[in-house]
Number of protein chains: 2
Amino acid sequence: MREAHKTEATEDYVELIDDLICVNGEARLVDVASRMGVTQPTASKTLARLQRDGYISSEPYRSIFLTPMGKSLADESRLKHEIVFEFLQTIGVSKEAAKRDSEGMEHHVSDETLKAFKKLIRQYKS
Amino acid sequence: MREAHKTEATEDYVELIDDLICVNGEARLVDVASRMGVTQPTASKTLARLQRDGYISSEPYRSIFLTPMGKSLADESRLKHEIVFEFLQTIGVSKEAAKRDSEGMEHHVSDETLKAFKKLIRQYKS
DNA sequence: GTATAAACTAAGCCTTGGCTAAATTGTAAA
DNA sequence: TTTACAATTTAGCCAAGGCTTAGTTTATAC
């Protein structure tokens, strides 16, 4: 797989787990699976890989926690995601399309592009 | 894999094959592999799938052709790619970063977002 | 306190997209 | 024309990410 692809799933998962913890107080497999649109066994296998790679920690049958590494990746990802989402709306894309597109695009925008996005958001605001 | 992902490799390959045919007069496995940054057996396997799915045609040991379906996918993809590439440069992203980012982003922009990009390009031009 | 339902894990299979090593075919030069 | 090299294919391996079916564990409700 090409570079960006390798981390895409990881970023999506840690971002989601972080979100679930914020909203629900904890992240359960069943919710991760349903929000990712995959079956529980599939989510379970991916989470095992994330744990193996040091992004999350959890005991069998218990809820999921982010490691410091996982948390910082989640924060980075969400920031990118939010900027792209806001940018698209700023240039006139509907909320729904902006939501869909930003989810895919966030993994491909470089810091340079992100900076250009932020600048334009600022310009439009003034 | 999530929706966009499934067609990403296909789009990249047909776009590249189309390009090779334009520039070199024909598309050979060896060039496809080197431009995609994978080994020849890997490219060969992917091309077999593309042929199975009706995007390309070729005889053993011969060069590769796009089917009408492959050609129209290539045209669509390149158009998207070019718009994203031009858009990023228009908002101040360097050519190099625009090239890298547009390659990943092209698979995730909806028609609505593409329209917004085109509009902004026009605005900046005037 | 036990039965039942929900959550999770285990096992096994599939496809895609990587790789290496080895065999085959095509082509060009001696 | 033969030989050697380049291009391609074949075979076999691996990891990720998807599925289903079946078995465990946990939690809930009675």
Side-chain angles (χ1 to χ4, degrees), chain A residues 1-17 20-21 23-66 70 73 77 103-104 107-108, chain B residues 1-17 20-21 23-66 70 73 77 103-104 107-108:
Chain A
M1 259 178 261
R2 291 185 307 301
E3 332 68 49
H5 278 205
K6 275 193 297 210
T7 42
E8 263 183 60
T10 303
E11 287 174 18
D12 286 341
Y13 271 85
V14 294
E15 210 181 323
L16 170 56
I17 290 164
L20 286 170
I21 290 171
V23 172
N24 299 349
E26 64 171 353
R28 307 296 313 243
L29 173 64
V30 63
D31 299 313
V32 172
S34 94
R35 286 271 296 267
M36 290 298 297
V38 298
T39 60
Q40 287 180 218
T42 295
S44 181
K45 210 200 280 189
T46 303
L47 291 174
R49 180 176 62 73
L50 259 52
Q51 182 154 20
R52 184 200 66 194
D53 295 347
Y55 294 101
I56 65 169
S57 67
S58 87
E59 298 299 314
Y61 295 97
R62 287 278 112 83
S63 67
I64 303 142
F65 301 92
L66 291 173
L73 182 60
S77 294
E103 257 150 45
H107 307 292
H108 300 277
Chain B
M1 260 178 260
R2 292 187 308 301
E3 333 67 51
H5 278 203
K6 274 193 297 211
T7 42
E8 264 185 58
T10 302
E11 285 174 18
D12 285 341
Y13 271 85
V14 295
E15 209 180 325
L16 170 56
I17 289 164
L20 287 171
I21 291 172
V23 172
N24 298 348
E26 64 171 353
R28 305 297 310 249
L29 172 64
V30 64
D31 299 313
V32 171
S34 93
R35 287 269 297 265
M36 290 298 294
V38 298
T39 60
Q40 287 177 219
T42 295
S44 182
K45 210 199 278 188
T46 302
L47 290 174
R49 179 176 61 74
L50 260 54
Q51 182 154 22
R52 182 201 66 196
D53 295 346
Y55 294 100
I56 64 169
S57 67
S58 87
E59 298 299 312
Y61 296 97
R62 287 278 113 82
S63 67
I64 303 142
F65 301 92
L66 292 172
L73 181 61
S77 295
E103 258 150 43
H107 306 293
H108 300 276

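Below, chains carry the letters A, B, ... as their sequence lines are ordered, and counting in each starts from 1.
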- Message: What verdict does the side chain to side chain contact (heavy atoms under 4.5 Å, CB included) test give for His107(B) and Thr7(B), after you've listed the backbone C-alpha separation in whole Å, the side-chain angles of each residue and the deciding distance to 0.1 Å?
- Response: CA-CA 8 Å; His107(B) 306 293; Thr7(B) 42; over 6 Å; no

- For side chain to side chain contact (heavy atoms under 4.5 Å, CB included), just list the numbers for Val30(A) and Gln40(A), CA-CA rounded to whole Å, side-chain angles, deciding distance to a tenth of an Å, and then say yes or no. CA-CA 6 Å; Val30(A) 63; Gln40(A) 287 180 218; 3.5 Å; yes

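In this structure, Leu66(B) CG and Ile21(B) CD1 are separated by 4.5 Å, a value rounded to the nearest 0.5 Å. From Leu20(A), atom CG reaches atom CG of Leu29(A) across 11.0 Å, with rounding to the nearest 0.5 Å.
Here dG26(C) presents its P atom at 15 Å from CD of Glu26(B), a figure rounded to the nearest Å. As rounded to whole Å, 17 Å separates atom C1' of dA15(D) from atom CD of Glu8(A). Taking atom CD of residue Glu59(A) and atom P of nucleotide dT26(D), one finds them 11 Å apart after rounding to whole Å. Tyr61(A) places its OH atom 12 Å from the C1' atom of dA6(C), with the value rounded to the nearest Å.
Using the six-membered ring where Trp is involved, His5(B) and His5(A) have ring planes that are parallel, under 30° apart on the 30 and 60° scheme.
For residues 42-56 of chain B, proximity to DNA chain C is found at Thr42(B), Lys45(B), Arg49(B), Arg52(B), defined as any non-hydrogen atom under 4.0 angstrom from a strand atom. Non-hydrogen atoms lying under 4.0 Å from DNA chain D are contributed by Arg28(B), Leu29(B), Val30(B), Gln40(B), all within residues 28-40 of chain B.
The side chain of Arg62(B) places no N or O atom within less than 4.0 Å of a non-bridging phosphate oxygen (OP1 or OP2) of dT9(D).
Qualifying side chain to side chain donor-acceptor pair (under 3.5 Å) partners for Glu103(B), counting only residues two or more places apart in sequence or in other chains: none. Glu26(A) is linked by a side chain to side chain donor-acceptor pair (under 3.5 Å) to Ser63(A), counting only residues two or more places apart in sequence or in another chain. Among residues two or more places apart in sequence or in another chain, the salt bridge (Lys or Arg N to Asp or Glu O under 4.0 Å) test is passed with Asp12(B) by Arg2(A). Scored by the side chain to side chain donor-acceptor pair (under 3.5 Å) test, Ser77(A) finds no partners at all (sequence neighbours excluded).
Residue pairs meeting the salt bridge (Lys or Arg N to Asp or Glu O under 4.0 Å) criterion with at least one partner in residues 32-42 of chain A, sequence neighbours excluded, are Asp19(A)-Arg35(A).
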Pairs of donor and acceptor atoms involving the side chains of residues 44-62 of chain B, under 3.5 Å and at least two apart or interchain, shall be tabulated with distances.
| from | atom 1 | to | atom 2 | distance (Å) |
| --- | --- | --- | --- | --- |
| Thr46(B) | OG1 | Thr42(B) | O | 3.2 |
| Arg49(B) | NH1 | Thr10(B) | OG1 | 3.4 |
| Gln51(B) | NE2 | Ser58(B) | O | 3.2 |

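Contacts of Pro41(A) with the nucleic acid, taken as non-hydrogen atoms under 4.0 Å apart, include base atoms.
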Which atoms of nucleotides 3-5 of chain C (N or O only) lie under 3.5 Å from a protein N or O atom, and what are those distances?
none

